[in-house]
Every structure is written in C-alpha cells, then in structure tokens.
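Here is how names work: the chains are called A, B, and so on, in the same order as the sequence lines, proteins then strands, and each is numbered from 1.
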Amino acid sequence: MREEGLISRAQNTWCPGCGNFAIQHAFKNAILELGSEGLSLDEVVLVTGIGCHAKMADYFNLNSVYAIHGRAVPAAAGLKIADPNLKVICCVGDGDAYAEGLDHLLFAAKRNMDMTIIVHNNRVYGLTTGQYTPTSPLGFRGKSTPTGTAEPPFNPIALMLNAGASFVARGYTRRQDQLRWMIKEAIMHRGLSFIDVLQICATFFDPHEVYDRMVYEPEGHDRSSIESAMRLASEWDYNSESRIPIGLFFQGERPVFEDRFRGVRPDIPSRENKIGMFLEGRR
Amino acid sequence: MREEGLISRAQNTWCPGCGNFAIQHAFKNAILELGSEGLSLDEVVLVTGIGCHAKMADYFNLNSVYAIHGRAVPAAAGLKIADPNLKVICCVGDGDAYAEGLDHLLFAAKRNMDMTIIVHNNRVYGLTTGQYTPTSPLGFRGKSTPTGTAEPPFNPIALMLNAGASFVARGYTRRQDQLRWMIKEAIMHRGLSFIDVLQICATFFDPHEVYDRMVYEPEGHDRSSIESAMRLASEWDYNSESRIPIGLFFQGERPVFEDRFRGVRPDIPSRENKIGMFLEGRR
Amino acid sequence: MEDFSVLIGGRAGEGLNRAGQIIARLLNAHGYHIYMYYDYPSLIRGGHNFSIIRAATHSIGAHRTHVDVLLALNRETLILHSGRLREGGAIIYDSDAAKADGIGIPLSKILKEEGAPPITRNSGLIGAFARAAGIQWEVLERIIKKEFPKGTEINLKVARRGFDASEQKLRIDRPSMKGLPLVSGNEAIGLGLLRGGLTSYIAYPMTPTSSLLHFLAEVEGDFGLKVVHPENEIAVMLMAIGAACGGEKVAVGTSGGGFCLMTEGLGFAGMAECPVVIVLGQRTGPSTGLPTYTSQGDLLFARHASQGEFSRLVTAPADASEAFFWSSESLRLAWRFQIPAIILSDKTLSEGYYSLMVHSREQSSVEESGPGNEDRPYRRYRFTDSGVSPMAKMPTRGAVVKVNSYYHDEDGITTEDAAMTASMQEKLLRKGEALSKELGKYETVWTHGRGEDLALVCWGSNGPVCQETADILGARVVRPIVLHPFPEEAFGRALGSPAATVVVEQNATAQLSSILKGFGHRVDATVLKYDGRPFSVEELATRVQEVHA
Amino acid sequence: MEDFSVLIGGRAGEGLNRAGQIIARLLNAHGYHIYMYYDYPSLIRGGHNFSIIRAATHSIGAHRTHVDVLLALNRETLILHSGRLREGGAIIYDSDAAKADGIGIPLSKILKEEGAPPITRNSGLIGAFARAAGIQWEVLERIIKKEFPKGTEINLKVARRGFDASEQKLRIDRPSMKGLPLVSGNEAIGLGLLRGGLTSYIAYPMTPTSSLLHFLAEVEGDFGLKVVHPENEIAVMLMAIGAACGGEKVAVGTSGGGFCLMTEGLGFAGMAECPVVIVLGQRTGPSTGLPTYTSQGDLLFARHASQGEFSRLVTAPADASEAFFWSSESLRLAWRFQIPAIILSDKTLSEGYYSLMVHSREQSSVEESGPGNEDRPYRRYRFTDSGVSPMAKMPTRGAVVKVNSYYHDEDGITTEDAAMTASMQEKLLRKGEALSKELGKYETVWTHGRGEDLALVCWGSNGPVCQETADILGARVVRPIVLHPFPEEAFGRALGSPAATVVVEQNATAQLSSILKGFGHRVDATVLKYDGRPFSVEELATRVQEVHA
Ligand SMILES: Cc1ncc(C[n+]2csc(CCOP(=O)(O)OP(=O)(O)O)c2C)c(N)n1
Ligand SMILES: Cc1ncc(C[n+]2csc(CCOP(=O)(O)OP(=O)(O)O)c2C)c(N)n1
Ligand code: SF4
Ligand code: SF4
Ligand SMILES: [Mg+2]
Ligand SMILES: [Mg+2]
C-alpha cells in the first residue's frame, strides 16, 4: 500500500481551513525526512483516538491503530511492550486525551515510555460539533455550555512536566517549520515526548488572531531545566490573553519503562518441559 | 443511628497497628470539634472508594456513600451539584485515587469543587494484599512486581497544585494533632481541599522509621504562594530518602464550580405549562 | 396530496438538517403529519448529507423509498437519488452546480446578486420548493421569520428569489392550519424527562444523544435544570448517582461506547438502589462503528450489563410521542422502585423529526417514599414486602443515610453474612416483581392491525415502518415497548396465535427474537438489517414478502 | 479412609490458606485426590477464615458439609463449625485459646517455649493433625521443609511439638506415594495460558484473579513472559489490544467491576479483530458485592458485553484440569479466529485447590496466519470464506497494517458505505460460525452418569458437586463447557430426553436456564444459590430432592 506514497487513498474530510491540515503536513514531512535519514517506515505505528484529529490514522499509509475515544495512549503502550523498537506516535485530541483519557496520558509520562504524543489541541470537541474541552477558556460557550463554562482550563504542559514526561513542547499549526522540526525531534527522543499543538478549528473555535499575535519563541531558555520549563509553562494559563511561548520546553533523560522487556523472548519450545517441572514440584 | 455516637456499631477489621486508625481518630475529632462549633452533622457526607481506607464509610455514624473503586470523587461531585451546602468529604486510597480514578481527582481540582479529599496514602494496595501503587517507591517489590517496579512515583501534591486545588496539604498518621487540625481546616475551606496523608500499612508497607526521621514542619512557608508551595512539594519526590515537609502547603481562593447551581430550583408545578408553551412554538 | 416525500441533499456544512426542518415546518403548517429522516456521515464539512421529509394525512414515522420532490444543492445529490424520484415527480436543483430535467434555480448567481452568504443557498431551494408545492409565500415568510431570528432579511430575499424562479408542480390541497408540534426524538425524550420531574441532566457528548445534551443545556434556565458535561462517562454515571443521593431526579445520556464505561456505575446504582435514567442512543456497532447511523444492536447488552443481578427497567419507544410518554414514566418508575431505567433509543428515533401526539394516558403517580416518623432510626435498606425501602436524601434531618456498593444490612453497613446476602439479593429482585406488577397498568405491548395470517414483531424505532408494512400486507404488528422486565403475559396475549410470526430488527443476530424464543414463542423468520440505514416502507414490505410468501 | 475432610479455622492473618495447603500436600503425599475450599472475608487481619481440605480415592472438586477432623486455632472456629463434625470425628484445638472435647495442644505455651513467632501456631496444629491421622513424622518433615524455605527450623520445631502432644485418631491406610500435582484454579489457568503460547499478561488486581497476576508475575522470568500491572482496567484492555497488534499472545484477568471497564475495549477488540483472552473471575455481585465469595452471576453479561455484535468465545471450566486445558485452547482459538475469548472462572475455581489431571486430548493446532506473499498489498481485513483474514503484526516488512474501530474496508480504512458495513458485519459473525465448526472437534459438553430419570444441568465450578450429587441420586449431569457460541447440537445430543431436567446455578436468576429455554429446552426446576458460598455435596443433594421428589 505504501508504494502509493505516504498519503493514503482515503478521502480527506476535514473542513476547509482546518488546522489539522497543518499537523498532517508537518507530520508527513517529519516522517519523510526521518525516512530519508534511515528510519524504517515499517516500524512506525500511528495510534489515534476518536475525533477529527484521529482521521490521521486513515490518511497515512502507515501502520495504524484507529483506537477508541480517549484510549490511544494505552493502546500505544501495549505496542511498545510488545516491541520496544517500534516508533509509536499517538495523534490525540484535547477532548480525547485531556478529558476522556487523561489518566493514561499522565501514566505514559510517569513511565517515560518511549513514544510520542501529539495533541491536536483545538480546545474544542470538533467531531461532536463544538462542546468545551479541558483547555477551552473559562466561560466558553459551547453546545453543552450555552451560557459559558464555569471551569478554567488545565495547563497540560505543566501537568505533563510534573508527571514525568522527558520531552515537553508546544507547537502552533501556523508555525509549520517549527512544528515539523519538533515532531522529528520528538520521535527521535528516547522517552515520552509530548507536544501540545495549538490547532485552530475553522468551524467551532478559531482564535488564530490571538495566537498569531501572542505566540513567540523564547530565547535563551534552558531546555534541560525542569524549573525553567515550569516557569515558561506558567507564562500562559490557556485562558488569559497573555504571551504564549512555543517550542521545546524541556528535554531530559531518564529510564524508559519498556526497557525491562527488551530482549525478553518467550521460550515456547521448552514450555512443556517447564510446565512439567512446575507440576512435578506440586506433587 | 447517630444517637449511638459518631462511631458506628460496625466491627472494625483493620490490622493492628494500621495507620488508618490514626486517620479515623483525627477525622472523628475534627468532626466532633466542628460539630461543637455549630456544623450540622446531618449535612456531612463521607464518600469512599474501595480499599482498606474505605471502611471509614462503615465506621462512622454519618451519611456515607461507600462507592466503587476509584470513583468516590465523581460521586462526591454529584452530591455537591445536588446540594452545594453539603459538607462532602472523600476518604480515598492511593490505588483508588492515584491509579484507578486519577482523572476525577484532577478534574475536581480543576473545578475547585467545595469538598475535601483525604488520601489514605499507604503507598500500597492494602485490601488486595500488597501491590505497588502510583506512589510506591521505584523498585517496590509487591506481589505484581516481585522483581521491583520500573516506574518512579507521582508527586500528587505537585499534580494537585497544578490542577487547581485551592487547599493542598500533606499529613502523616503519626502527627495526630496536625492531622486533626488539617482535616478541620480542609473541611471549612471553601474550594477543593486535598490532603495527602502518609499512612503506614502495618502489613504491606511500613516506612514509619523513615517517616519519623524525615518529616518536618517547614517554618516561614508562605501558604498563599503557589510557587513556594511547588518548591516545598518538590523537596520530596515520594522516592528518595530526603526530608519530607508536612503541613498546609497552599491555600487560595477562587470560584467554586457548583456555585452556578446555588439557588437553582426546579419549578415543577409550572412545568406542564412550560412544556406546553414549548410545544406550541413547534407547531 | 395525502402522502408525499421531499428529499433535499447537498454537502455537510450546508445546513441540510436545518433546511429539512424548515420544509417540515412548511408542510406542518398545512396540518400534515410529518416525519423527517436525516442522513449524514461523521464529518463536519463536505461529504453527502440528505434529509427526507415526508408529509401525510395520517400518522407516520418512517420514510419511503420513493420521493415526490428532489431538491438538489449539488450534482452528487442528483446522481445518488434520482432513482428514487417517482414518475412525474419534480426535481428542483441549483442550475449553477448541476444540470437536470426540472426546475433549475441559479443559486450562485442569486447569492452573488443579493450579496448573500453561502449558507443561504438552501433558502433559495426552499423558496423554489414552496412555489412548486403551491404553498403561499406568506406561509413561507412566516416560517422563515421564525426560524431565522438572525439573518432573517437575507434568507427571506434569497427564498423569494427561489420562489419567483420556480413554478407550481404539485398541489397541497390542505388548508393552511396548525399542525401538531414538530420535535426530534431527542427533544421528545428531553421534554418527557422534564415532565417526569427531571432536575439534573449529566452527559458526555456522543452521537446520537449529543443533541439531547444540547437541547437540555439550552432550556436549563427555563426549567430550573442543572446540566453538567463532565470529563467522561464514568464520571457522568457516578455524578448521577451522587446527585440522586443528594435528592436530584437525574438522567444521563450516551451511546454504546459511553454506556460501556457506565456499566460499572450501573451495577453500583443497582446494588445501592440509587435511581437513575439512562438514555442509550444506539448507533451502528460494534465499537466506534458508524457513529451517525442507526442500529438496534444493544438490546441484550442493555438488559444484562454489569456483573451480578438486580432489577432494571428497559423501554424502547417507537416514535417521539412514545418517547415523550415513556421518558416521563421511566423517570417516575426509576424513582418509585429505586432502580436504573434505560431508555433505548437509536439514531433513527433520536435524530428523526416527528409530529408529537401527547397521549392522554394517565401517568403513574410518583409515590414519594421519604422516611416517615415511624422510620426512626432511619434505615436506608429497610426490608419491606415490595423490596422498596423509604428513600431519604442526604441531608435528611436526624437520619444517617448510608449507601453502599457492598452487600450491606438494612442500615447500609457492609456485611459478608450468607443469610443477609441472600436476603439483600432477594430484595433487589423483589423490586423487579413489584415493577412488573406496576407495569401491568400500562400498555407495555403495542399492537396494530387485525390480520391473523402474519404477525410482524418488532421493537423501538421500527414500529412505524412495520405498521405501514403491515397495512400493505394485511398483517398485524406486535411490539413490546417494555423490554425488561419482559411483559411476557401482555405479549403472549397480544401475539395470540398467528399463522406466522416474522421478527423485524435492525441488527444482525436477531436479539429480540432470542428473547421471544426464551419465552417459548415460535419465530418463523427474521428480517434483519445492519447497514446503519433504517428500513423504508417499500424495502421492508419487499423483505417481509421474501420470507413470507 | 476413602473420603474424608479436614477443616482448619482461625483468624485472618494466621496463614489459614497456607496451612490448608500444607495439609492438602500431606494428604496428597499419600496419593489421595485433593480438593480444598478456602473461605475468608475481605480483610487482611482478624475475622474468621477457614479451609476445608478434602481427600478421596476418587477424583473430587467439591467440599462436603461434614468434616472428619476439626482443627481450631480459636474458640470461634469451634462455635462456628462443631456442628459439621461427623460422629466420631476428631477435634484438635489450641488449648490455650479454647476448651473442647478433643486433643488440646497448648500452642501459646509451645510458642513461648520455642521462642517462635505467632505465625507458626498453625504448624503446631498441623503437627498434631499429622499424628492424629497416622501420618509419619518424616512425611510431614519433608513437606514442611519444602513449604517453608524460610523459617524451616522453627516451623519444624513447633510442628514436632504438636505432633508429640497429639495422638492417633484416624488411619490413613494408603501408602505414602506421590499424588497428582496440586494446584489452584488460577495456577491451572496460568499454566494453561502459558501452554497455549502466552507471551504477555496484563492485569489490575481484583479478587479472585489477583492471585493469577501474582502467579504469573512470579514465573515471569522462567517463561520469558511480560507481566504488566497498569493504572486501571481500561488501560489493561487497551494495552492488551496494542500488545496483540505488536505480535504478543496476551491475556488479561479481572472480576466483574474491572470487566465492566473493559467492555468498551472488548468491543474494540471484536471490531478490530484483535485477539485477546479475558479471564473473568466471578464473585458475588452486583457491584462490589462480596469480594471474596463466589458467584455465577456474570454469564449473560459476558455473552453480551459491549455494543453491537461480534464473535466471541466464552468457556467455563469446572475444575483445575479443565481450566488448564481450556485456557490453553482459548488462547489458541482466540488467535486462530482473531476474537476475544472469555474464560469464566469464579472464586470457587480460581482460589480452590485441585489435583490436576493433564488431559491427553489433542490440542488444536494454531494455524498461524501471517500474510503470505500472495497477500501483496497486505490487507488487514481481507474477505475470506471463513471471515478470518491473514493477521500481520506490526511491524511486518513491507506491509501497512491498519487496525480500526470504525467500520472499515479490507485495507482497514474507515468506511460509511452501507454495503461495506453489511459485509464487515457479516465477516465478524462468519468467524463465529467457523469457530462453532472448529468447536465441533472438542468435548464442549461434559456428561456424567446414566440415569434417565433426572438430568442435572450446570456449568462451571458447579460441575464436580453436581457429579457427586448425581451419583448419590442416580441422576445424570450435562454440563456445557463452552457457553458461547452455545454448542446447541452437542448439548441437545448430550441431554437427550430425561424425565426431568433440573438446572443448578450459583446465581439468583437462573442464567444458563434462560439460555436453554431460548433453545427450546424444557427446564423443570432450578436450584439456585446466591449467598456467595458454594454448594456442599450434601446441601445440593437435599436441594435437588426438594424440587425433584
Ligand atoms: C466513549 C466515547 N464517548 C464519546 C464519544 C463521542 N466522541 C467522538 S469524538 C469526540 C470528541 C472529540 O474531541 P477531541 O478529542 O477534542 O477531537 P477533535 O474532534 O476536536 O479533533 C467525542 C466526544 C466516543 N466516540 N466515545
Ligand atoms: C474496578 C475495580 N478494580 C479492582 C478492584 C479491586 N480492589 C479493591 S481495593 C483495591 C486496591 C486498594 O488500594 P488502595 O486504594 O490503595 O486502598 P488501601 O486498601 O491501600 O487502603 C483494588 C485494586 C475493585 N474493587 N474494583
Ligand atoms: S470541525 Fe474543526 S477540527 Fe474538525 S475538521 Fe472542522 S475545522 Fe477541523
Ligand atoms: S493491610 Fe495495611 S492498610 Fe489494610 S488494614 Fe492492614 S495495615 Fe491497614
Ligand atoms: Mg479537539
Ligand atoms: Mg493504599
């Protein structure tokens, strides 16, 4: 199937102007570059939740697990347990990963599993036609909250730093080059890579004017320091109209959970024997 | 039933020496004091998960919801939505609240619901006989990890600060007075109160020697500053043998989610009319 | 005309659902009974959407294969649906987008000339339709004004242009008069719940019940309702249980995937005797399946979900009118017996539009069973003959209310005693018997027709299409509305002994059929459909004739 | 003695389960068939625990009401269980804790004198028992040495003191010889899974399958297994699916509450055709219920869990030997047909100890169906006659493997097409037919006895107790081992036409019975038990006689 190129024959059904196109584009180029640098595309698996973002699974001629809403991350973890060498990338939504399945996200960070999580953070439920998500601003009027929400957003960058992710970044769909670069770095990083991508939703929530005005790439930021990363993270609370730093906030090194399964090989032929010995001991 | 006193007739089945007794004791005294200060005990509801800790629900002559594993917090949230005046206290376990139902904990903090969450953090699954939990130290040998875990613990204090809890504290079962005081303050605090109580499990994990040696009450700490609270939180990572600050880390003020339901009264008698009017508009 | 259908098609994001509703209103304004089916894929823009609006002088709740008028916003609509047009039917289309043999309206040109936004295109088509159907401009004008509080002017302008560019093709020979209220199935459910006393609605969005959440959130203020959209369906169910403990009358809504996540809480509600109503909107499964298409695949799951055994109520209304009635009653019965009640809807019912008939049937009285004075000390789980204990909310002055997911004694304190366990299990099931008895007062099985040759047995939203098919074939319809506890006696009486029984279901394994067999009923054939699309009348008639010559 | 029982009781935390196992070993060492039932409440210390160890010269898997020897670590044990002692039976008790008519052993005194820790008390009682049963010291010594690699000396000392203070009461007249291997039901399941090719086990602890997790974690290194205990059961199920995609042969274990949380993933596995084995250990529900007691309350839930319709395998082994066989086969069949397979265990089976007989029955061969060269381009969901497509793992060189929870085409790309939807639904169910055919090669229905008067029908861990009851009553037993797809033909053949059919179940609504009725079988009476305690032989015999005079 991949002979046909990286983009599959599936019909694209995102709205015109949707920020998902930008992520798709950056992702495609990142993969192509990694491919030309020697990465075997056979070993890439794209895992998604359910939502507009998740159509990524259909659109690429790559191994994919088009999972269920909120549960991409544990499915990805299972793949890594099976084969620690796989390059597993989760494309998840903000409703998906910050609401329905938040726990899994934090546990992937805690375990520092060697995979990449890209959150298509349009700050709205796109596919279910526009309800607030955990990163929608306070007072957001969505279809489930027509008079405005009564809860301020999470700061996922801070949460993931706290939970132990070893690569934490924020992207913006209208900063294509940086996004591509970040996705590449994330995939190559050994450990849990997390990118919160500010994505515009053309139909239900499009703050691109604010983003265009507010995003900036901090200079002289020490990426190896959790403290500086935390400080950077707290510059924007996903709510107020303040400056929004984008880029790689933190990159560190620590043991990877699935390494304990590296080299584990089930010795099937000798199993009958071992079972026999076990039972013998129980006589 | 409460005529018989605050402690119910249910037979207590905790192991001798269990840290739960200390929490029970502190809780009882906190409630008694609040009662004598005018709190109506009719308005107190104790909500628990499932685990050794959860037997609290049986042991008190108080309204209680002995819920299911990991799900005390959303049940408590439902009570608050029904009646914002209730004093709802969740006694939850570390397996319960940090593993099975972590997401709910964070969302309660995000919404700053006016309730109290006391985590009986014995850093082990007690009732299911000794498996590691999200706060067990790295390398913990439990029944599900006989060769030691491969994942470092969460720092729940930091996570909850990040998620938006407006009262964040750490207690220790062998600091009874402080614990009682903290529980009282937590209950009276308007907003989400969170106390992570270091509890010894006499049977499966008893680091009381380390705790006794390491815990201290920081002086001059500014409880109104999230930053200082974060700094304090990072002094101990639930893993290494370092000093362990206990006490109230942070207390702040921010809007409470369920306030939007204060004063909402369903006008049942006029309903037929309103439904009729609605339907009329649809002809 | 006594019975005719209009199909309007175009791309997602062009407001096809809305357009369909306006056409439905137009026809409703002439006193027709209306049914509208809306077909759309799971995406926000692009892709093919269409609505079939059917109007008839008798009560309906199904679409027909053949349509009388085809309104095409694009070429695809013509390609896909021209075959449906009955001989002599009219095509009205955007002549700037396609070519056809019919009334062409140059919509792009009109929009350009009027400086109108793209979303008004369908107003042009609606205008053209109105003229073609012989509907007076004034009627259309009134409805557009009502339906477009924003953008009224521009929509009126475009509609008028369409109207003027069109020509009369049909004759609506009914007087312009008020029809019945036109509501979606989900609106009917919501209104029914409100009527039954709903005070809180908690849900996480999921097709096909998202629009129930939206509707109730919209009317929250009017009805003193509390609407909450939490982090996921586990939280939804647990919050609902907590809210019920705090005295709310609460319902939740979801579809299969979310219902899976609620099953643990469902069992907790069963054990703890916390009432809750669950609106389960079925869609094509398994798993994510076809999110925006219909199914009746969750019947057995709904009956048996969660470990262990407890009483529950499962109903499957057939149309908006039944949904209105049974949503209200489900809530009342859930609270009366302190059990979970599941309303099995599906995409067809939830998102279809219907003319609502408010049944004059007597409603069950809610016997509010708060603790009396004789109940001191209060015992949440006091044993009674019916199994129903007095339910005190938290707080209740002087009462200690203990709710518990473990086996417990009458006070709600955990027990592991064998005898108490057995007694509590029996109490949980005794409530089911009491419920069955109460249900004896209701029309739990719906019947239609007289033919003794053939009985069509069906459930839920297949009711109306079976009714029409039965009329065509001279058959009878027997349809259980309550599916658990199964109204065996009423069903047996209703079924009688027809020469043949054919069960019609929107699933692949004939789930109702397996229930019927369990009660010893003969099933001669099944007619199953599992491609996500509801039966049309013609289709079902053919399918039934295939198995019953 | 051909058949006798020993009950040992005391408080939680005193090692009663362990003590029971040692007694079981002792008797096993004399070549008896063994069954041990362990009864304990949900707490860690205190409360009353007891084990009944039964030894017989024939194969057994149930306890009896009457015991021959009562070993009491405390007064409570005497109060609760003296009534069980058969005439002439022996009581051995801690004379420092209670008074009784029997052999008193001053355990506190002994422990004090030996400077032994409290946990060794039961060794004293075991020593006393050995002497009373006429077991030679050497045999006991050997077993204690093996069972207590730590604390051997002190346990030996205490045991010897008990031995010396006791007197012979019974006569074990069998030679000391090796018995069959003694394993718990969970160990049998674990070993069976390993035999079937298990490479990963993922679970969140929950009684009664926690000990399966513990066992597999313990042997992880020996078998090159990957054992993971994640954050919750949702993660468990999804990780398992991911692992299966990555080429693992994976099983998960849980009980009802955890299974609820897995149901959404179960449907995903069904739709995406990812094989997975689920060990579902039933306990007394609904909800948290009685965590440490038994039940057969989840049969219908297991058959119908998750929205929509897909093929699955549900088996319910009766004892360790069947559990060993069917765990292995479930794994093979799950992978062969790419479906979820549920092994329905319960507390009785999972935590009971049994003498294991390794059946020599032929195992099904796993037809590994990786893509051949003719499969280019690879299509994960290629249509085939059997419905089973070649399954390539990720990564497979040159293959793009697309797994999907939506309806999809053969490539795994999402579709909303009506015809493709229907075809995929049929594919999912066609695999079930292929599975049924394959199951035709197995003994899917177990029968015992010849009586034509009465057939006892049961399932799961009730098998052995029904067998003994049938022998007493001259009845037959018919027991389906496979419960889905229901082996209707084999069952019908096995049942024949007995004068009466009585269904025995450990639940309150007779779930198997309802399945049988659905297939048109007559059920004359049911014998149900739902207090969490398994039937003893005497109890069941009485209960059956009550309904079948
Ligand atoms: C268990 C479950 N609940 C709800 C849904 C319905 N659903 C599908 S997509 C979606 C929201 C998607 O929002 P997000 O994750 O932000 O993705 P986006 O569409 O914005 O890319 C929901 C609620 C579902 N499929 N499964
Ligand atoms: C859904 C579900 N999964 C698993 C269990 C089994 N279970 C009961 S208590 C418990 C762990 C309790 O640990 P923790 O919350 O730390 O409480 P503790 O016993 O230590 O106080 C588990 C896993 C359950 N009851 N429900
Ligand atoms: S709804 Fe929003 S996120 Fe979804 S495809 Fe359209 S623009 Fe993109
Ligand atoms: S197991 Fe641990 S936590 Fe549980 S009662 Fe015993 S000492 Fe307390
Ligand atoms: Mg989103
Ligand atoms: Mg714990």
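Residues M271(C) and S287(D) approach most closely at CB-CB, 3.7 Å, considering heavy atoms. Across every non-hydrogen atom of G518(D) and K517(C), the tightest pair is O-CB, 3.5 Å.
Only the side chain of I234(C) comes within contact range of chain D, with heavy atoms under 4.5 Å apart. Neither the backbone nor the side chain of F259(D) has a heavy atom closer than 4.5 Å to any heavy atom of chain C. Both the backbone and the side chain of S42(C) come within contact range of chain D, judged by heavy atoms closer than 4.5 Å. Residue L516(C) does not touch chain D at all, counting heavy-atom pairs closer than 4.5 Å. Residue D417(C) touches chain D through its backbone alone, counting heavy-atom pairs closer than 4.5 Å. Proximity to chain D (any heavy atom under 4.5 Å) is restricted, for L429(C), to the side chain, taken from C-beta onward. Both the backbone and the side chain of E416(C) come within contact range of chain D, judged by heavy atoms closer than 4.5 Å. With a 4.5 Å cut-off on non-hydrogen atoms, L299(D) does not touch chain C at all.
Here the straight-line distance linking atom CG of D298(D) with atom CD of Q307(C) works out to 6.0 Å at 0.5 Å rounding. The line from CG of L300(C) to CG of L300(D) is 9.0 Å long, rounded to the nearest 0.5 Å.
Of the listed residues (G308(D), S255(D), S295(D), G520(D)), the one with the most heavy-atom contacts under 4.5 Å to chain C is G308(D). When the candidates S514(D), G532(D), A302(D), A305(D) are compared by the number of heavy-atom contacts under 4.5 Å with chain C, A305(D) comes out ahead. Of all the listed residues (S405(D), G267(D), G256(D)), the one sharing the greatest number of non-hydrogen pairs under 4.5 Å with chain C is S405(D). Taking P286(D), G270(D), G47(D), A272(D) one by one and counting their heavy-atom pairs under 4.5 Å with chain C, the maximum is reached by P286(D). For chain D, the option among E426(C), M424(C), M420(C), K529(C) with the highest count of heavy-atom pairs below 4.5 Å is E426(C). If you tally non-hydrogen atom pairs under 4.5 Å between each of R303(D), H521(D), Q511(D) and chain C, the highest count goes to Q511(D). Ranked by non-hydrogen atom pairs under 4.5 Å with chain C, the options G285(D), A422(D), A418(D), G297(D) are led by A418(D).
By the neighbour-count criterion of 12 heavy atoms within 6.0 Å, atom CZ of R430(D) is densely surrounded, having more than that number from other residues, nucleotides or ligands. Residue-environment remark: CZ (R11(D)) stays at or below the threshold of 12 foreign heavy atoms within 6.0 Å.
Of the possible donor and acceptor atoms, none in the side chain of Y407(C) sits under 3.5 Å from a partner among the backbone N and O of T284(D).
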**Report entry** side chain to side chain contact (heavy atoms under 4.5 Å, CB included) between L290(C) and T415(D), worked out
**Finding:** CA-CA 8 Å; L290(C) 295 185; T415(D) 185; 5.5 Å; no

**Report entry** side chain to side chain donor-acceptor pair (under 3.5 Å) between E309(D) and Y530(C), intermediate numbers included
**Finding:** CA-CA 10 Å; E309(D) 299 165 303; Y530(C) 39 84; over 6 Å; no

Requested in this report: Mind running side chain to side chain contact (heavy atoms under 4.5 Å, CB included) on T414(D) and T288(C) for me, showing each step along the way?
Outcome: CA-CA 10 Å; T414(D) 304; T288(C) 313; over 6 Å; no

